[in-house]
Student: 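The structure's right below; bear with me while I get my questions together.
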Number of protein chains: 2
Amino acid sequence: MNIGEKSAGKQPPRRVTAAMVAEHAGVSTATVSLVANGKSAGRVSKHNEERVREAIRELGYFVDGIGSSLAKGVSSLVILVAPDISNPFFAKVIAGVRSVLGNDYQLLLSVTDAGISPSATETRRLLGLRPAGLLVHAPTKVFLEDLAGPLPLVALDAPGIDPSIPAVNMDVAQGAEAVVAHFASLGHTKAAYLDGSTGTDTLMVRREAFLDAATHYGIEVLPGNVASSMIDVGAASDEFSRNWPMWESCGVTALACATDTQAFGVLHAARHLGIRIPHRLAVTGFDDLPYSATSSPSITSVQLHATEVGRQAALKLRELIDGQAPQSLQSMLPSSLVVRGSTTADGGL
Amino acid sequence: MNIGEKSAGKQPPRRVTAAMVAEHAGVSTATVSLVANGKSAGRVSKHNEERVREAIRELGYFVDGIGSSLAKGVSSLVILVAPDISNPFFAKVIAGVRSVLGNDYQLLLSVTDAGISPSATETRRLLGLRPAGLLVHAPTKVFLEDLAGPLPLVALDAPGIDPSIPAVNMDVAQGAEAVVAHFASLGHTKAAYLDGSTGTDTLMVRREAFLDAATHYGIEVLPGNVASSMIDVGAASDEFSRNWPMWESCGVTALACATDTQAFGVLHAARHLGIRIPHRLAVTGFDDLPYSATSSPSITSVQLHATEVGRQAALKLRELIDGQAPQSLQSMLPSSLVVRGSTTADGGL
DNA sequence: CTGTTAGCGCCTTCAT
DNA sequence: ATGAAGGCGCTAACAG
């Protein structure tokens, strides 16, 4: 009785193992392993290599990731931890990551409930998969502490992060300044800000940069002229409606929103309230979502380069996995202001 | 020399194994396994259980998913294969799935490039993870054939699928009929259709159901009045602009789009062309995306119940994983028409 | 109740 | 260039 017979006798159609391939090809499992992993160069004879390849094809063998991971101590998984997958930002980030990872690593996303970092339990389970590396969007301190290990990790979109942690950020501060500069160039002198209330670092940076730049450019933003809402069209719409009477009485003529989604809400409310945009009120968003170019009016927004964020993060991660220190630990991608109809009457053309 | 010492001597901070915990607690690894997996009821003495728990806590032990999976022959992973993650539909589906899976299974998403099913290679790599089950969005025949195995699998949003495969679908045909009925009730007699060109089954069903219902309701849809574009705002906008002159000359007064995204494009183009909506042309979408309620005009659309799709699919998958035959192999969730400003002048109020 | 044992499938020395 | 053998960490089956 050999392995082949034993397995053939069992009821469930047993999976094809390296041992079966070895037997079929008349070689040892070691040789199969070498060939299957493309490490046969100069270590396996042409003749045997061919026989193994043939056996693999005939039997339909493929390397079992679990067994392989156990033996190697690490899997070929790269896990992207992404709260809030509905952010259109991600589709592009993922494309960028995939373009760099190719077939060498397998990308999987771990999604949590809207905007929440994984719990300690979830984190441990992730680690239990022995991923080759982790890509983490907007990680919280707690999450990074839970990780506590020498696992290759790159943070994305984490402005306030510990400078010793590899990260790829977008220069949202620069974007916020560009918004202010744009307002100033249009002659606005009193502005308001609609913040997002999820408390992520990037939002904080956007707001502070906006306020600082406003001071610098001599644009007045009264404390009472900073509101905050959930990142949701309806919530933003409501919040704006509630605040407008006061803002109007203060002479506000420009409003910057923390996200395009909120800008949509503002546009919606403005329509109902009969506020002409951009004539009576100039509005800006942030993120440059796909619909922002075609809404009515189209939205002046800060464009972020999501694909490039994904690419660079994956590049850094690969360096880490390979045991190198990344060329630069953290990098910052520029953002750019896209001027459209919500701030200038001819911007949409 | 024991295991503990040996590991302490090595340079890399060795991971905590069940053997270490066993030694620390003065029991066998089997006992540790029982306790760690919550299977200790009536199989481990209170005293030992307590000692093990303490050791686990002190050492910071957690079960290694890889070792566990190898021993059990299957992991606790549920993989959601999702082409086109940018579809806002998914965030809700995921929420539904998570609510059912809870802590028993770990959900990970496998994302491919926009709208493409995973390649055979990718599929094999997925299988190499030995997932407990697969949730597959809009699977292609090829993909299902690549799978070829007794793996628990539930398809989502796969209208044309083999009736022997467990699936959760949405009644998009009903939705398309509702659109036609709505047009008819408004007195339209000549309509056009803007299809999506990705070739997914759901789009085919939407189109055919629309055309059938049109015949039934006596609404004329000339063959030349069915156009098709990528599911993209810009592409739809262009396609509409190109077709409008002809449609107009045919007396078309109503246009159904295969997706809300395309409806946005139409709205955009209509604005540039000076076509008043809904007065001159009534427009409908499909999917009821978040922005559809607040665009200008807001879009009449077919609402799908994504969260429920996720819930039910996960429920079915659990039954399959547990070795039961699901109560109903396939189920169909109703869809409903949401009437808004793009078809009736007062719909947006 | 508890410990021992025998793998799960693979990869990697180490001899040959 | 090749094969035998020893784990990787865990769990299921079996003995006590």
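All values reported here derive from a predicted model rather than from experimental measurement.
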Student: Among residues 28-43 of chain A, which residues get a heavy atom nearer than 4.0 Å to DNA chain D?
Tutor: A:S28, A:A30, A:T31, A:G42, A:R43

Student: Side chain of B:K72: nearest nucleotide among D:dT2, D:dA12, C:dC11?
Tutor: D:dA12

Student: Answer yes if the side chains of B:R98 and A:T112 hold a donor-acceptor pair under 3.5 Å, and no otherwise.
Tutor: no

Student: Does either side chain, that of A:K316 or that of A:S331, offer a donor lying less than 3.5 Å from an acceptor on the other one?
Tutor: yes

Student: Given C:dC10, C:dT2, C:dC8, which nucleotide is nearest the side-chain atoms of B:R130?
Tutor: C:dC8

Student: Could you check how far CZ of A:F62 sits from P of C:dG9, rounded to whole Å?
Tutor: 12 Å

Student: Nearest to the side chain of B:S45, which nucleotide is it out of D:dG9, C:dC11, C:dT2?
Tutor: C:dT2

Student: With distance as the sole test, does B:R125 use its side chain to make a donor-acceptor pair with the main-chain N or O of A:N103 at under 3.5 Å?
Tutor: yes

Student: Which nucleotide in the list D:dG9, C:dC10, D:dA1 gets nearest to the side chain of B:L70?
Tutor: D:dG9

Student: Among B:N169, B:V136, B:V97, B:V93, which residue meets the side-chain contact (heavy atoms from CB on, under 4.5 Å) test with B:L156?
Tutor: B:V93

Student: Does B:T123 reach the main-chain N or O of B:S119 with its side chain, forming a donor-acceptor pair under 3.5 Å?
Tutor: yes

Student: Nearest to the side chain of A:A18 - D:dC10, C:dC10, C:dG9?
Tutor: C:dC10

